[in-house]
Protein chains: 2
Amino acid sequence: MKRAKKKTFSDFIAQKGLKSTRQRDIILDFFLSTSEHMSLEELYLKLRAKHPAIGYATVYRTLKLFAESGIAREIQFGDGQTRYEHVTEGEHHDHLVCTRCGAIAEFENATIEKLQDEIADSYGFLIKTHKLELYGLCAKCRK
Amino acid sequence: MKRAKKKTFSDFIAQKGLKSTRQRDIILDFFLSTSEHMSLEELYLKLRAKHPAIGYATVYRTLKLFAESGIAREIQFGDGQTRYEHVTEGEHHDHLVCTRCGAIAEFENATIEKLQDEIADSYGFLIKTHKLELYGLCAKCRK
DNA sequence: GTTGTAATTGATAATCATTTTCAAATATTT
DNA sequence: AAATATTTGAAAATGATTATCAATTACAAC
């Protein structure tokens with residue numbers, strides 16, 4: 001899976017006439033080793049611990065490339081931080097976001113997706129992407 | 001309906017020990033006269049046309065108050081602009097957002113809401129709010 | 001109505017995340 | 001190794017939002 005994403009990204013790089021660099025390798029390895037939903041800030045700070053020379057702009061630009069290449073996706077939970085989640089081929093999930101502790105759970109629901117399609121159809125609308133987030137308290141925070 | 005929202009807001013103002021001011025009245029009247037989903041920027045620019053003396057910060061703060069009082073809700077469609085929509089008691093809707101022309105349509109679907117509740121239950125999660133947006137092309141932009 | 005007090009306003013500055021700029025460094029092609 | 005185009009890191013620019021503060025205004029008490 002890691003390997004597949006590395007290939008996807010290097011193919012993307014090659015196809016775009018971009019270069020394979022030490023920084024991009026480092027950032028990709030790190031990104032693939034992280035849990036989901038890290039913000040750019042978090043990613044940068046954790047990376048910097050091991051690679052102090054890496055610049056914020058480089059991390060920023062590289063994550064954008066990941067998103068462009070399809071191995072990552074930008075998401076926003078309304079806290080003013082852009083987060084990056086891993087994209088797995090053919091899989092889509094939505095989120096439960098705990099507004100107290102920030103925990104994020106994922107879920108999939110085929111019925112909801114189907115209903116979305118029906119709604120879009122009735123409006124003549126063509127869905128490209130969608131965003132479904134449930135905000136509230138996770139089991140722990142409900143005490 | 002306008003009247004009800006004016007009352008809701010003036011009650012909120014009173015209950016919080018805040019003051020009723022000319023600017024708040026102007027902004028509220030204008031807000032209630034607008035269509036849905038205006039950004040702060042839009043709201044401010046249009047307001048300024050009739051009331052040049054009104055400050056950006058005042059509009060900003062007043063819209064926050066509207067949201068706090070429950071007559072408006074902040075929404076973000078990922079274009080970096082916070083928008084304000086009208087909140088009607090007991091009514092909730094989700095959005096179809098055209099990524100080409102910016103058109104926004106609204107829909108309601110009780111079945112989806114019920115499924116959301118079931119999902120949340122299965123995680124022991126307590127939903128406070130949710131956000132469902134379908135992004136793509138509206139009927140017009142599909143040509 | 002006048003006064004006292006606290007909230008509000010408008011202009012401006014501060015903040016914060018994101019994005020751009022640019023000279024120096026690096027990767028790839030020749 | 002040289003030529004060329006991309007990339008990097010630091011710093012500055014941007015854009016939206018939020019805070020600051022002196023002057024103004026609303027309102028309750030007199």
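Each chain gets a letter, A, B and so on, in the order the sequences are listed, and its residues count up from 1. Computed over heavy atoms, backbone and side chain alike; hydrogens, waters and symmetry mates excluded.
Axis deviation across the helix from C/dG1-D/dC30 to C/dT30-D/dA1 amounts to 30°, comparing end segments of five pairs, rounded to 10 degrees.
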Can you give each donor-acceptor pair under 3.5 Å made by side-chain atoms of residues 13-23 of chain B, sequence neighbours left out, with the distance rounded to 0.1 Å?
| unit_1 | atom_1 | unit_2 | atom_2 | d |
| --- | --- | --- | --- | --- |
| B/Lys16 | NZ | B/Glu68 | OE2 | 3.3 |
| B/Thr21 | OG1 | B/Arg24 | N | 3.2 |

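Atom OH in B/Tyr60 sits roughly 5 Å away from atom C1' in D/dT18 (whole-Å rounding). Whole-Å rounding puts the B/Leu43 CG to D/dT17 C1' distance at 15 Å. If you measure from atom CD of B/Gln81 to atom P of D/dT18, you get 13 Å, rounded to the nearest angstrom. As rounded to whole Å, 12 Å separates atom C1' of D/dT18 from atom CD of B/Glu74. Nucleotide D/dT18 holds its P atom 12 Å from the CG atom of B/Leu63, rounded to whole Å. Whole-Å rounding puts the B/Tyr44 OH to D/dT18 C1' distance at 16 Å.
Applying the side chain to side chain donor-acceptor pair (under 3.5 Å) test to B/His92 and every residue at least two apart in sequence or in another chain returns B/Asp94, B/His130. Evaluation of the side chain to side chain donor-acceptor pair (under 3.5 Å) rule for A/Glu42 yields A/Ser39 as partners, not counting sequence neighbours.
The 5' end of DNA chain C is approached more closely, in terms of each residue's nearest nucleotide, by B/Arg24 than by the other of B/Pro52 and B/Arg24. The nearest heavy atom of DNA chain D to B/Arg61 and to B/Gly80 marks one nucleotide each, and the one closer to the 5' end goes with B/Gly80.
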**Message:** Show, in sequence, the C-alpha distance, side-chain angles and deciding distance for B/Glu108 and B/His93, and conclude whether the side chain to side chain donor-acceptor pair (under 3.5 Å) test is met.
**Reply:** CA-CA 5 Å; B/Glu108 275 186 84; B/His93 60 255; over 6 Å; no
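When DNA chain C is scanned in the 5' to 3' direction for atoms under 4.0 Å from non-hydrogen atoms of chain A, the outermost contacting nucleotides are C/dA17 to C/dT28.
The structure places CD1 of B/Ile112 at 12.0 Å from CG of B/Asp117, a figure rounded to the nearest 0.5 Å.
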Would you list the protein and nucleotides 24-28 of chain D atom pairs, both N or O, that sit under 3.5 Å from each other?
| unit_1 | atom_1 | unit_2 | atom_2 | d |
| --- | --- | --- | --- | --- |
| D/dA26 | O3' | B/Ser20 | O | 3.2 |
| D/dA26 | N3 | B/Lys19 | NZ | 3.1 |
| D/dC27 | OP1 | B/Ser20 | N | 3.2 |

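Residue B/Lys64 is in sugar-phosphate contact alone, with no base atom involved, counting any heavy-atom pair closer than 4.0 Å across all strands shown. Among the protein residues, B/Glu41 comes within range of no part of the nucleic acid, since none of its heavy atoms lies under 4.0 Å from any strand.
When A/Lys131, A/Gln81, A/His95 are each tested for a side chain to side chain contact (heavy atoms under 4.5 Å, CB included) with A/Ile75, only one passes: A/His95.
Taking the six-membered ring for Trp and the full ring otherwise, the centers of A/Tyr84 and A/Phe66 sit at least 6.0 Å from each other.
Side-chain atoms of B/Glu113 and B/Asn109, non-hydrogen and from C-beta on, never get closer than 4.5 Å to each other.
Defined by atom type and a distance below 3.5 Å, a donor-acceptor pair is missing between the side-chain atoms of B/Glu91 and B/His86.
The main-chain N or O of B/Lys6 is found under 3.5 Å from a side-chain atom of B/Ser10 such that the two form a donor-acceptor pair.
At the phosphate of D/dG9, neither OP1 nor OP2 sits under 4.0 Å from any side-chain N or O atom of A/Tyr56.
In summary, B/Lys2 and B/Asp29 do not engage in a salt bridge, as defined by a charged side-chain N under 4.0 Å from a carboxylate O.
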